[in-house]
**Q** 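Here it is, the structure in full.
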Amino acid sequence: MRAEIRAEISAIPALDDLEQQHIDSAIAWIDSGAELCRIAKPATPPIHLIAYFVVVDDGHLLLVDHKNAQLWLPTGGHVDPGEHPRTTVTRELAEELGISASHAIAAPLMLTSTATVGLTAGHTDVSLWYVVHGSRSQALTFDDSEFNSVRWFAFDALPVGRTDPHLQRFVQKLEAAASAIELARAEESAA
């Protein structure tokens, strides 16, 4: 599984120098042979792999008011030992929101490395950011043991003072990827 996770990370095109630093650091961490997954709560080992999945719909994304982090975050979870991060996304979608993806989970759009804050502060999450297409009208059953609430936010109205420090960069990368796809489709139609 380590080789598959390394390949997943190596294939991510960096948005900027910061993401390239995070990717390089994550690859070095994987190559070190260190344990990648959390094996004991809250922070053993002190660096572990997370699969964020950002549910998006037409210029909006779903965030959860996370009790421990005390932030509005994308949904996600710890990758279990022996588990591929895309499997984590599928499992956590059901556990945290009571839904399943209407599409295959594609490669992650982004990777970040973040020191945690809140009630379980002090460890580092290496987070793979996956995109899940959803619908704002879809019924959700959120895990109220982990979250105070869930809410859709427009890309231009994110709670930037109280969210993951990389969320705006993720949205920037998501919008750039969507623009590139639209351009390719337009060129294909014109040909």
Side-chain angles (χ1 to χ4, degrees), residues 1-56 61 63-64 66 68-69 71-93 101 104-118 120-132 155 158 160-181 183-184:
M1 189 59 57
R2 182 177 295 272
E4 292 177 36
I5 293 170
R6 188 186 196 287
E8 191 95 322
I9 291 170
S10 296
I12 299 170
L15 170 69
D16 51 24
D17 289 342
L18 179 58
E19 187 175 10
Q20 189 60 59
Q21 291 170 12
H22 288 185
I23 291 169
D24 293 345
S25 177
I27 290 170
W29 169 61
I30 290 168
D31 291 348
S32 77
E35 176 61 50
L36 303 181
C37 300
R38 182 179 74 177
I39 53 176
K41 291 183 178 183
T44 302
I47 301 172
H48 46 260
L49 194 58
I50 301 293
Y52 264 155
F53 48 96
V54 185
V55 183
V56 298
L61 55 83
L63 296 177
V64 295
H66 198 280
N68 283 345
L71 298 172
W72 283 98
L73 298 174
T75 43
H78 293 89
V79 177
D80 287 341
E83 182 177 57
H84 192 282
R86 293 186 201 197
T87 304
T88 306
V89 171
T90 301
R91 175 177 54 79
E92 292 283 351
L93 268 169
I105 303 302
L109 181 66
M110 189 170 192
L111 179 132
T112 59
S113 181
T114 310
T116 59
V117 297
T120 57
H123 63 277
T124 300
D125 286 343
V126 175
S127 304
L128 291 163
W129 295 61
Y130 294 88
V131 177
V132 174
F155 288 174
L158 298 172
V160 292
R162 197 175 156 235
T163 191
D164 185 289
H166 303 290
L167 186 63
Q168 285 184 296
R169 293 175 53 250
F170 171 81
V171 169
Q172 178 186 357
K173 194 168 184 182
L174 180 65
E175 290 178 320
S179 295
I181 290 169
L183 179 61

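Not measured: the values here are computed from a predicted model.
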**Q** State, without any angle test, whether E92 and Y52 hold a side-chain donor-acceptor pair at a distance under 3.5 Å.
**A** no

**Q** Rounded to the nearest 0.5 Å, how far apart are CE of M110 and CD1 of I12?
**A** 9.5 Å

**Q** Passes side chain to side chain donor-acceptor pair (under 3.5 Å), Q20 versus D16? Steps please.
**A** CA-CA 6 Å; Q20 189 60 59; D16 51 24; over 6 Å; no

**Q** Given side-chain contact (heavy atoms from CB on, under 4.5 Å), test L111 with W129 step by step and report yes or no.
**A** CA-CA 6 Å; L111 179 132; W129 295 61; 5.7 Å; no

**Q** So, does D164 use its side chain to make a donor-acceptor pair with the main chain of H166 at under 3.5 Å?
**A** yes

**Q** Does the T114 side chain pair with the main chain of D125, one donor and one acceptor, at a distance under 3.5 Å?
**A** no

**Q** When you look at I27 and R6, which way does the side-chain contact (heavy atoms from CB on, under 4.5 Å) test go after all the steps?
**A** CA-CA 6 Å; I27 290 170; R6 188 186 196 287; 3.1 Å; yes

**Q** For a side-chain contact (heavy atoms from CB on, under 4.5 Å) check, start with the C-alpha distance between D31 and R2, then their side-chain angles and the critical distance, and finish with the verdict.
**A** CA-CA 9 Å; D31 291 348; R2 182 177 295 272; over 6 Å; no

**Q** Under a 4.5 Å cut-off applied to non-hydrogen side-chain atoms, are T124 and P46 in contact?
**A** no

**Q** Between Q21 and D17, do the side chains contain an N or O donor and an N or O acceptor separated by less than 3.5 Å?
**A** no

**Q** Between the side chain of H66 and the main-chain N/O of A69, is any donor-acceptor distance below 3.5 Å?
**A** yes

**Q** Between H22 (side chain) and S113 (backbone), is there a donor-acceptor pair under 3.5 Å?
**A** yes

**Q** side-chain contact (heavy atoms from CB on, under 4.5 Å) between V55 and Y130: does it pass, once the steps are laid out?
**A** CA-CA 9 Å; V55 183; Y130 294 88; over 6 Å; no

**Q** Check whether any side-chain N or O of R38 sits under 3.5 Å from a backbone N or O of V79 as a donor-acceptor pair, and report yes or no.
**A** no

**Q** Between R86 and I105 (side chain of the first, backbone of the second, donor and acceptor by atom type, cut-off under 3.5 Å), is there such a pair?
**A** yes

**Q** Is the backbone of E83 close enough, under 3.5 Å, to the side chain of D80 for a donor and an acceptor to pair up by distance?
**A** no

**Q** Are the side chain of T163 and the backbone N or O of L73 linked by a donor-acceptor pair below 3.5 Å?
**A** no

